[in-house]
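Notes follow once the structure below has been shown.
Quick note: residue numbers are just sequence positions, from 1.
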Amino acid sequence: LINTEVLRKRLPEHQSHGFGGDSDTHLMVRCIAEAMNHGLKDFTQAAQEVLEICEGAFSVVIAMGDCLIAARDRHG
């Protein structure tokens, strides 16, 4: 991802670095969880919101409960 700083700004200060790792994937997951904790109760809505603001090249598969999301960057 090329906009990790934008994503980190969506997190509380204590979660913006290091918690569970510093990879792009960990950052995506933390942003999705934060969106779910602050108003977006639905996992799919939170994931869609976060994935739409991710910039760069990526392909991800995210599973939670009985939901499976596969996504790639808009240019992929």
Side-chain angles (χ1 to χ4, degrees):
L1 297 178
I2 59 172
N3 67 332
T4 55
E5 286 305 313
V6 170
L7 295 172
R8 280 193 181 98
K9 288 180 183 178
R10 295 175 60 96
L11 299 173
E13 184 63 34
H14 71 280
Q15 288 186 7
S16 62
H17 293 283
F19 180 76
D22 279 329
S23 72
D24 296 347
T25 307
H26 282 105
L27 185 56
M28 284 179 174
V29 170
R30 290 196 308 262
C31 287
I32 291 169
E34 185 67 17
M36 290 175 67
N37 288 335
H38 289 93
L40 288 175
K41 305 290 184 204
D42 183 73
F43 167 65
T44 57
Q45 290 175 333
Q48 182 177 356
E49 177 187 281
V50 171
L51 290 169
E52 284 178 356
I53 63 170
C54 290
E55 294 179 11
F58 63 89
S59 295
V60 295
V61 175
I62 308 167
M64 182 171 166
D66 63 350
C67 183
L68 180 68
I69 296 175
R72 63 181 184 181
D73 64 272
R74 67 186 110 243
H75 303 292

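In this structure, CG on D73 lies 10.0 Å from CD1 on I2, to the nearest 0.5 angstrom. Within the model, atoms CZ of R30 and CZ of R8 stand 7.0 Å from one another, a figure rounded to the nearest 0.5 Å. Interatomic distance, T44 OG1 to E49 CD, rounded to the nearest 0.5 Å: 12.0 Å. Distance CE/M28 to CG/L51: 6.0 Å, rounded to 0.5 Å.
Judged as a side chain to side chain contact (heavy atoms under 4.5 Å, CB included), and not counting sequence neighbours, the contacts of L68 are V61, A63. Remark: T25 engages no residue in a side-chain hydrogen bond (donor to acceptor under 3.5 Å, both in side chains) (not counting sequence neighbours). E55 pairs by the side-chain hydrogen bond (donor to acceptor under 3.5 Å, both in side chains) definition with nothing, not counting sequence neighbours.
Defined by atom type and a distance below 3.5 Å, a donor-acceptor pair is present between the side-chain atoms of Q48 and E52.
When all heavy atoms of L1 and D24 are compared, the pair lying nearest together is N-OD2, 2.7 Å.
Test V50, I32, V29 against I62 for side chain to side chain contact (heavy atoms under 4.5 Å, CB included) and you get one pass: I32.
You'll find the side chain of L7 reaches within 4.5 Å of the side chain of C54, heavy atoms only.
Linking Ile, Leu, Val, Met, Phe, Trp and Tyr whenever their side-chain heavy atoms come within less than 4.5 Å puts I53 and L27 in one cluster.
In terms of modelled atom types and a separation under 3.5 Å, the side chain of D42 and the main chain of Q45 share a donor-acceptor contact.
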